[in-house]
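To keep things clear, I will list the structure first and then write my remarks on it.
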Amino acid sequence: MENYKAQKIERKWQMYWRDHNVFKVADRPEKPFFNLTMFPYPSGKLHIGNSMNYTIGDAITRYKMMNGYDVLSPMGWDAFGLPAENAAIKAGAHPKVWNAKSIENMREQMRRAGWGYDWDREVSTAHPGYYKWTQWIFLQLYNKGLAYKKAAPVNWCPSCATVLANEQVISGTCERCHAEVDKKNLAQWFFRITDYADRLLDDLKLLDKWPEKVKKMQENWIGRSEGAVIDFKIESTGDIISCYTTRPDTTWGVTFFVFAAEHPLVEKLVKGKPHEKEVMDFVKRVKRQSIIDRTDETREKEGMFLHDYIINPVNGEKAELWVANYVLMEFGTGAVMAVPSDDQRDFLFAKKQDLPIIPVVNPPDRKTPITAEEMEEAWCKPGVMINSGPFDGKHTPECIPEVIEWMERQGFAKFEVNYKLRDWGISRQRYWGVPIPIIYCDKCGEVPVPEDQLPVELPMDVEFTGKGENPLAGSESFVNTDCPKCGAAAKRETDTMDTFVDSSWYFFRYLCPRMEGGAWDIEQANRWHPVHQYTGGVEHAIMHLMYSRFFMKAFHDLGLTKHVEPFGALFTQGMVNKVAYKCRVHGYMLDNADGGDDGKCRKCGQKLGVKSEKMSKSKFNTVAPDEIFEKFGADTMRFYMMSDSPPDKGLDWVEEGVHGAARFLNRLWDTVAAYAEQLADAPTSMGEVPPDPEKVAALRRKTHQTIKKVTYDFEHNFQFNTAIAAVRELINHMRKAADPDLPLPAEMAEPVREAVESVVVLLYPFVPHICEELWEKLGKKPPLVNVPWPKYDEKIAAADEVEIVVQVNGKLRARIQMPAGSDKDAMIAAAKADAKVVGYIEGKNIVKEIAVPDKLVNLVVK
RNA sequence: GCCGGUGUGGCCCAAUUGGUAGAGGCGUCGAGUUUAAGCCUCGAGAGCUGGGGGUUCGAAUCCCUCCACCGGUACCA
């Protein structure tokens, strides 16, 4: 018998799949199934996260094909972005060249992993044939008023020299380089995603096949709140200033009023006043504070009195006007009515600045009204309104609608819904991205590039200096152009788009990747969408998925698709972790396998901390798929990743586990090959051992139970670890029932054949190479994707005899064998008759008899 | 802080949703095979299910509370 040679058979089948176009899918499918995995950034090397993603995706592709679906399984490249440009700066190569090479490498790695794709549909977002349509989409949004330019304070990463979206700022630092992010005022392009806030929120209800977790994250990010906008009058100037509040019921408790440092009225109010310098110095200081400082909640709240007052519209009371560092310009109106009795931030500020506190909500269990002196913190829970004029005695927050109505009648407030979601800033001051198709003309102003002039291509005559300036701005041939309207000399926009724009519509382009007359064919989109299964990392739960949903809805409104949601079902895989070794003083280091000693720091000798953490180069705990392919083969990597833990949770990468996977595949090989030989000998004699009907039935039962289990796991959240465990059980059972190295007894030949074939078919989605090879050894015709997924027979799978547990007062006292499906009376009677049970119930009163069919009997006695 | 999630043999994890705590794997130990080790085959042990309280005939599962870790988010008025 030949040994299992992974690399040899893997290459053989990879060539087979390619040469036979196994994963090519028809444009007009009978049973369409769009199986999408998140396309990678072509960094040049697959990382383990990709491998996890695509191994899950490939298992689904093959499973669905075996179930008769026309599976669309495409692959492409999210090819624009910073790393290519940075690499270009470093290596002196053009990003285009660097990119092409990276893609080639990764395509080869994907082949070696054995993932099945329809390569005729490959797309790259950096290809002019693709980004032409990204620009076209920009123009459609622009014409609809959904793309606009405005000067806005933006997150500026000084190290990357570019603008970052809010979502790319991780607690005040750049998500890429971790430098502290500054605020900068720049003219920027935005997409009006906020117009869709309510629909993005409401339609989450349609996504019943999305993880609750992801929907919740999106809900939080959209951050819908209801409240009122209330107008206050400034005493000195008579200016009306509005503020948004979710608690208009507490307006009687307003004791001061606070502006954000960026609020334009601040400067106006102090202009020429004695305290002008003091206040403006404070404003400047706050503005200069980094985002890190400003968003650190534990930091002291500071502020300055503006020596001016506000008139509270509900009762005409005066309240001091302040500017403070804890109010954000970005939310609401940048001005806050402060109710220290009901808001902990206002409370702390009032205490610090010695401002008055008026309780307006009385804790419900109190008989007498609470006083300001009694309060140790703000009361923001439900209660009874006090000191609130006409609303005294009412319960809040229930009466908020009534309060708003009352205010609206008086004309100084109105109901309003607010969102945390901001418009999507897409401008990037970088070369390696999609040029924004806008031209600036002195006479005509901002002019969109006519559609027939697309694409606006990236110029090649650029210099990569690594300095802050966008290289595009330095390209004469690019910048200088003619105005499409009047023909006069004009200049091009030099900002490029955020790469999330590229990836927000790629699932359309896969449908018609080479189409020239349009971005996609609407009929095809209506047919293949929404994506039947989308699989990717949970790190894209907010940005990518939100932007794609927004695009889908905008496309719908533009008549470009009939659908409103892009992804019907979503599966998010967990992170891949591995132990990392960390010294408290000297940081992460290689583990002790590499020259270290007994887990001690090589620099200081202190004991290293050992903890499983997300794989990262900086932690020295990465694993390269390539190395696994070389050492063990792709099937081993695939098997290990799928067999160890449920894929939606994380995976702890353990070297021994990989060995275990390799061992299993060897055993699978030996076992199936041995059975193949025995089966080929087609035994006819009964042998010396007499036939054993129960043994035959038991093996068949196990086979059908296993098919049922694996099918169930595919249909329920992809619990591949338990599916694989079930197959292992079947193999163990079969080996015990019929020694693979001995001639098969005649009566076992068919049951064994059924079991062996099932094993190979059931494992195929996970380890396709070895299974194709074994399938051939069994005398069958490849490829396995054409073999129908096995059906199980419920009758064969059902046990005819079951073990019933007998409890007395909840304690296990006996086990009895009974025919499956016995009725409750029979079970109870049998339980009472059991000799062991009798000892426990004799002479006692049976209070209650519980029977669970085929499971247990519980007798409650006194 | 707030919103999610997780906590089960030494380790990764099952338990078809309230019914025997243990499927599968890793590691360990033992036996067989081997000149020996490894590989391979067969077998074994190991637990108050994070702590406490409650509901129930019965709780890993449901409820309350606390703790630990992971993820998201964060002065959003």
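Basis for what follows: all heavy atoms, side chains included, without hydrogens, waters or symmetry-related copies. Lettering follows sequence order; numbering is per chain, from 1. Keep in mind it's a predicted model, so treat the numbers as computed, not measured.
The list of salt bridge (Lys or Arg N to Asp or Glu O under 4.0 Å) pairs with a residue in residues 720-740 of chain A, not counting sequence neighbours, reads K702(A)-E729(A).
A salt bridge does not link E302(A) with K352(A): none of the charged nitrogens is closer than 4.0 Å to a carboxylate oxygen.
Here rC75(B) presents its P atom at 13 Å from CG of D343(A), a figure rounded to the nearest Å. The distance from atom NZ of K215(A) to atom P of rG5(B) is 13 Å, rounded to the nearest whole Å. In this structure, N717(A) places its CG atom 14 Å from C1' of rG5(B), rounding to the nearest Å. When the C1' atom of rC39(B) is taken as reference, atom OH of Y4(A) falls 17 Å away, rounded to whole Å. The distance between atom CG of N3(A) and atom P of rC40(B), rounded to the nearest whole Å, is 12 Å. Across the protein-nucleic acid pair, E226(A) atom CD and rC76(B) atom C1' stand 15 Å apart, rounded to whole Å. In this structure, CD of Q218(A) is placed 15 Å from C1' of rC3(B), rounded to the nearest angstrom. Counting to the nearest Å, the C1' atom of rC75(B) and the CZ atom of R345(A) are 6 Å from each other.
Both distances falling under 3.5 Å, in either a Watson-Crick or a G-U wobble arrangement, place rU73(B) opposite rG1(B). Across all strands shown, the partner of rG7(B) is rC67(B), judged by Watson-Crick or G-U wobble contacts whose two distances both fall under 3.5 Å. Pair assignment for rG43(B) gives rC29(B), based on Watson-Crick or G-U wobble hydrogen-bonding distances that are each under 3.5 Å. rA36(B) is unpaired under the Watson-Crick or G-U wobble criterion, no partner having all donor-acceptor distances under 3.5 Å. Nucleotide rA23(B) is matched to nothing when pairs are restricted to Watson-Crick or G-U wobble geometry with both distances under 3.5 angstrom.
Relative ring orientation between H263(A) and F259(A) is described as tilted, the plane-to-plane angle lying within the 30° to 60° band. Note on ring orientation: taking the six-membered ring where Trp is involved, the planes of F720(A) and F766(A) are perpendicular (angle over 60°, cut-offs 30° and 60°). F349(A) and Y326(A) have tilted rings, their planes meeting at an angle from 30° to 60° on a 0 to 90° scale.
Minimum atom distance to the side chain of T245(A) is reached by rA77(B), of the listed rA77(B), rC3(B), rC76(B). Of the candidate nucleotides rG43(B), rG27(B), rC75(B), rC75(B) has the atom lying nearest to any side-chain atom of K301(A).
Separating the C1' atom of rA77(B) from that of rC70(B) is a span of 31 Å, rounded to the nearest Å. Taking atom P in both rC11(B) and rC2(B), the straight-line distance is 31 Å, to the nearest Å. The separation of rU65(B) from rG22(B), taken at their P atoms, amounts to 32 Å, rounded to a whole angstrom. One C1' atom belongs to rC76(B), the other to rG53(B), and the distance between them is 38 Å to the nearest Å. Atom P of rU61(B) sits at a distance of 13 Å from the matching atom of rG52(B), rounded to the whole Å. Across rG9(B) and rC26(B), the matching C1' atoms stand 13 Å from one another, rounded to whole Å. The C1' atoms of rG18(B) and rC3(B) are separated by 28 Å, rounded to the nearest whole Å. On the P atoms, rC64(B) is 33 Å away from rA23(B), given to the nearest whole Å.
Checking the phosphate oxygens (OP1, OP2) of rU41(B), a side-chain nitrogen or oxygen of R667(A) falls inside 4.0 Å. In this structure, R224(A) does not reach the rC76(B) phosphate: none of its side-chain N or O atoms is under 4.0 Å from OP1 or OP2.
A donor-acceptor pair shorter than 3.5 Å cannot be found between the side chains of D198(A) and Y419(A). In the model, S225(A) has no side-chain atom that pairs as donor or acceptor with a side-chain atom of N418(A) under 3.5 Å.
Formation of a donor-acceptor pair under 3.5 Å by the Q678(A) side chain with backbone atoms of P740(A) is found in this model. Listed for the N666(A) side chain is a donor-acceptor partner under 3.5 Å among the backbone atoms of A662(A).
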Protein within reach of the bases, or only the backbone? For nucleotides 8-24 of chain B, mark each nucleotide 5' to 3' as B, S or -, using heavy atoms under 4.0 Å.
----BSS-S--BB--BS
I need a per-nucleotide contact map over nucleotides 64-72 of chain B, read 5' to 3'. Cutoff is protein heavy atoms under 4.0 Å; write B for the base, S for backbone only, - otherwise.
------SSS
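Between the CD1 atom in I731(A) and the CZ atom in F664(A) there is a gap of 3.5 Å [rounded to 0.5 Å].
A donor and an acceptor atom sit less than 3.5 Å apart, one in the side chain of R422(A) and one in the base of rC76(B).
Nearest-nucleotide mapping onto RNA chain B: of R735(A) and K848(A), the residue sitting toward the 5' end is R735(A).
rU17(B) has its base syn relative to the sugar, with a glycosidic angle deviating from 0 by at most 90°.
Screening I310(A), D231(A), L321(A) for a side-chain contact (heavy atoms from CB on, under 4.5 Å) with I241(A), the sole residue that qualifies is I310(A).
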Assess whether salt bridge (Lys or Arg N to Asp or Glu O under 4.0 Å) is satisfied between D343(A) and R345(A), documenting all intermediate values.
CA-CA 6 Å; D343(A) 183 293; R345(A) 292 157 303 178; 2.6 Å; yes
